[in-house]
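For reference, the structure is listed below as structure tokens.
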Amino acid sequence: MKGTNKGFTLLELLVVLVILGLLASLVGPQVIKQIGGSKTKTAALQIEEFSTALDLFHLEVGRYPTTGEGLDALVENPSGVRFWNGPYLKKKVIRQDPWGNDYVYRSPGDYGAYDLVSLGADNSEGGEQENADVVSWE
């Protein structure tokens with residue numbers, strides 16, 4: 001009995017590559033969409049964490065940090081502030097948003113005692129989907 005070649009023909013390999021390409025084109029956009037949505041949810045959760053810390057700061061100091069003091073007042077005692085009993089964040093660090101940008105903090109805010117905003121993936125106001133702003137007042 002002679003040995004037979006066991007392997008794939010070029011045509012079989014091309015068919016498999018086409019099928020894999022079709023699957024990637026169907027599944028790929030859905031995966032990318034989920035990644036973008038998870039970053040938006042992460043930003044919303046971080047804003048909630050900052051909001052809780054800001055409320056605790058307000059409870060102890062009697063006011064929210066000024067715009068100039070910023071979120072750093074949650075981890076370091078601003079000069080001249082009495083009754084500061086921080087740090088008010090567990091990790092003692094002010095994280096950037098999931099896209100690597102700083103959060104925008106204003107106090108007093110246009111929408112409340114303070115405004116806290118992540119400007120989204122494009123790091124500019126407005127936008128849709130992953131570029132949409134994530135805000136503390138909604």
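Atom set for the values below is all heavy atoms of this structure, side chains included, hydrogens, waters and symmetry mates excluded. Residue numbers run from 1 in the order of the sequence given.
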Pair Lys91 + Glu49: basic N to acidic O under 4.0 Å
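Here Lys91 does not pair with Glu49 in a salt bridge, since their nearest N and O are not under 4.0 Å apart.
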Nearest atoms (heavy-atom pairs only) where Pro87 meets Lys92:
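Heavy-atom minimum between the residues: CG-CG, 3.6 Å.
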Closest contact, heavy atoms only, Glu125 versus Asp133
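For Glu125 versus Asp133, the nearest heavy atoms are CA-OD2, 3.6 Å.
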Side chain to side chain, [X] and [Y], heavy atoms closer than 4.5 Å:
X	Y	answer
Asp55	Tyr64	yes
Tyr111	Val135	no
Val134	Gln46	no

Between [X] (side chain only) and [Y] (backbone N and O only), is there a donor and an acceptor less than 3.5 Å apart?
X	Y	result
Thr67	Ser107	yes
Trp99	Glu130	no
Asp97	Asp102	no

Any side-chain donor-acceptor pair under 3.5 Å between Asn101 and Gln96?
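No.
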Distance-only polar pair, side chains of Tyr114 and Ser51, donor-acceptor under 3.5 Å:
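Ser51 and Tyr114 do have a side-chain donor-acceptor pair below 3.5 Å.
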To the closest 0.5 Å, what do you measure between CG (Leu59) and CG (Leu54)?
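Result: 12.5 Å between the selected atoms.
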Rounded at 0.5 Å granularity, tell me how far CG in Leu89 sits from CG in Leu74.
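Taking CG in Leu89 and CG in Leu74, the distance rounds to 5.0 Å.
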From CA spacing to verdict: side chain to side chain contact (heavy atoms under 4.5 Å, CB included), Val93, Arg95
CA-CA 6 Å; Val93 74; Arg95 287 176 274 166; 4.1 Å; yes
Shared hydrophobic cluster, Leu23 / Val15 (ILVMFWY, side-chain heavy atoms < 4.5 Å)
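Linked within one cluster.
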Answer yes if Val75 and Val104 sit in the same cluster of Ile, Leu, Val, Met, Phe, Trp and Tyr residues linked by side chain heavy atoms under 4.5 Å apart, and no otherwise.
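No, because Val75 and Val104 fall into different hydrophobic clusters, even though each may have its own neighbours under 4.5 Å.
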Indicate the ring-plane relationship of Tyr88 and Phe57, choosing parallel, tilted or perpendicular according to the 30° and 60° boundaries.
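Perpendicular: the ring planes of Tyr88 and Phe57 meet at over 60°.
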Check the orientation of Phe50 and Tyr103. Use parallel for under 30°, tilted for 30 to 60°, and perpendicular for over 60°.
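Rings of Phe50 and Tyr103: perpendicular, as their planes differ by over 60°.
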Show the numbers, then the answer: is there a side chain to side chain contact (heavy atoms under 4.5 Å, CB included) between Trp137 and Ile47?
CA-CA 10 Å; Trp137 57 87; Ile47 285 176; over 6 Å; no
Can you tell me if Glu128 has over 12 outside heavy atoms packed within less than 6.0 Å of its CD?
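Result for CD/Glu128: open.
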